[in-house]
Number of protein chains: 2
Amino acid sequence: MMLIRRLAEPYAGQFALPGGFVLPHESLEVAAARELVEETGYRATYLEQLFTFGEPDRDPRGRVVTVAYYALVPEDQVLAAGTDASEVQWFSVSKLPPLAFDHAEILQKAHGRLKAKLDYSDVGFVLLPKEFSLSDLQEVHESILGHEVDPRNFRRKLESRGLVKETDHYRHTGRKPARLYTFAGNSTTDESSD
Amino acid sequence: MMLIRRLAEPYAGQFALPGGFVLPHESLEVAAARELVEETGYRATYLEQLFTFGEPDRDPRGRVVTVAYYALVPEDQVLAAGTDASEVQWFSVSKLPPLAFDHAEILQKAHGRLKAKLDYSDVGFVLLPKEFSLSDLQEVHESILGHEVDPRNFRRKLESRGLVKETDHYRHTGRKPARLYTFAGNSTTDESSD
DNA sequence: ACAAAAGTGTTCCATATACACCCATGT
DNA sequence: ACATGGGTGTATATGGAACACTTTTGT
């Protein structure tokens, strides 16, 4: 989970989700992408609307309705703090600091959504470079799900769904070289839900 | 699908979803429930946030962000048109009239969500009175899914999940009396997704 | 040679699907 | 008696879960 440390009141010094206000002629999604770049330097490739939070008292400054989006950020991305935030930092889902506003609730909802989408959509691939080993992909799944996965069952499922294409490249950084794969396709014709 | 005919411009005379503006100290969900009562007379028991629509040009009057909710309304509910609408009318999903704004897109999204939730949540029961026959429940599922369901498989699934409790009441309105059932419980501990 | 991660098969169980007839009642 | 919707069982296919050892390389 990527969080920023707030500079301004309220909640100055605490961690929070990056965010800001939508401009008059800007779509919600474009606004979310813009704020993310401004505050973390990351240009999102995957961005999905999560939920809209609108309790009347969730911001001490007055009525603020937040349309929350979440982005998936490959771990190797370099993040540079922008103007609104003094610090950008990664946290494990299980070790979150206290958060500003109702942002803990937002994060929890995002995590639940991600878990649910993991096995009927292609979100798992977004967090990896174009070529990856099957162990890489498995680790992504394990860290999102929060538990271990059996490598044989995992690989069998990938194969039966035709999700990956093997390349003839190998990564030689470990002990036994790992075959690299690419994502095979957009099978999920997303007519349903969100 | 329940729609109202608009009285005011823009799109006067066309069908649209009931809706309106959130009051300053009102939560989004309360606002949705209030507008539904005002425009259709129906007090929602099931109301769920669907999605937020915020394209800059979706309303010709200016920038309007819509936080869409959907309610489930048992068919036997009597609907009385309120002050903002001249007419409340039911439509089949497959035979919708032209709709105001981007409301067709909203409806389509709601339908997709409902289909997806049908078999991992309890939405199917909300559309029925407290006591219902298994054929009633099956018809609800068929009309949401848009295809027929095998009665043996359907009943077996209900039983294996323990979703219904049988009563010793029968409905004598058909030829063979149908045993009536009640909804058994809230098994779905909704920690995940939305 | 050994440490460390990559890779590989089989069995079992639960759940989904396909399919057709008898039953109980009201008219 | 018959028409109508209510109600029932079996066989097959599919997908998920549990489980441990061999392979290949770098050091």
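As a basis for the values below, the full set of heavy atoms in this structure was taken, side chains included, without hydrogen atoms, waters or symmetry mates. Numbers restart at 1 for each chain; the letters A, B, ... are given by sequence-line order, proteins then strands. What you see is a predicted model; the values in this text were computed from it and never measured.
A donor-acceptor contact closer than 3.5 angstrom links the side chains of A:T66 and A:R58.
Here D:dG15 presents its C1' atom at 9 Å from CZ of A:R161, a figure rounded to the nearest Å. Taking atom OH of B:Y170 as the reference point, atom P of D:dG5 lies 20 Å away to the nearest angstrom. Whole-Å rounding puts the A:K157 NZ to C:dT8 C1' distance at 18 Å. In this structure, B:E159 atom CD and C:dA16 atom P are separated by 14 Å, rounded to whole Å. Separating the CG atom of A:L180 from the C1' atom of C:dA5 is a distance of 14 Å, rounded to the nearest angstrom. Atom CZ of B:R171 is separated from atom C1' of D:dT4 by 14 Å (rounded to the nearest Å). As rounded to whole Å, 12 Å separates atom P of D:dG7 from atom CZ of B:F132. One atom, CD of A:Q138, and another, P of C:dG7, lie 11 Å apart when rounded to the nearest Å.
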>> Evaluate B:H169 against B:E131 for side-chain hydrogen bond (donor to acceptor under 3.5 Å, both in side chains), listing each step before the verdict.
In response: CA-CA 9 Å; B:H169 301 161; B:E131 298 198 333; 2.9 Å; yes
> Can A:K117 and A:E48 be said to form a salt bridge (Lys or Arg N to Asp or Glu O under 4.0 Å), step by step?
Replying inline: CA-CA 12 Å; A:K117 292 201 91 156; A:E48 181 186 323; 3.1 Å; yes
>> For a salt bridge (Lys or Arg N to Asp or Glu O under 4.0 Å) check, start with the C-alpha distance between A:K157 and A:D119, then their side-chain angles and the critical distance, and finish with the verdict.
In response: CA-CA 10 Å; A:K157 187 187 291 188; A:D119 74 65; 5.4 Å; no
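Aromatic pair B:F101/B:Y11: centroids less than 6.0 angstrom apart.
The aromatic rings of B:F154 and B:H141 sit perpendicular, their planes meeting at an angle over 60°, well past the 30° parallel limit. Using bins of under 30°, 30° to 60° and over 60° for the plane-to-plane angle, the ring pair B:F15/B:F91 lands in the perpendicular bin.
In terms of phosphate contacts, A:S135 brings no side-chain nitrogen or oxygen within less than 4.0 Å of OP1 or OP2 of C:dA5.
B:R34 has a carboxylate O that lies under 4.0 Å from a charged side-chain N of B:E38, or vice versa, which qualifies the two as a salt bridge.
Residues from residues 140-156 of chain A lying near DNA chain C, meaning a heavy-atom separation below 4.0 Å, are A:R152, A:R155, A:R156 in numerical order.
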>> I need a per-nucleotide contact map over nucleotides 21-27 of chain C, read 5' to 3'. Cutoff is protein heavy atoms under 4.0 Å; write B for the base, S for backbone only, - otherwise.
In response: --BBBBS
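Summarising the geometry of A:E39 relative to A:I4, their closest heavy-atom pair is OE1-CD1, 3.0 Å, with the distance given to 0.1 Å.
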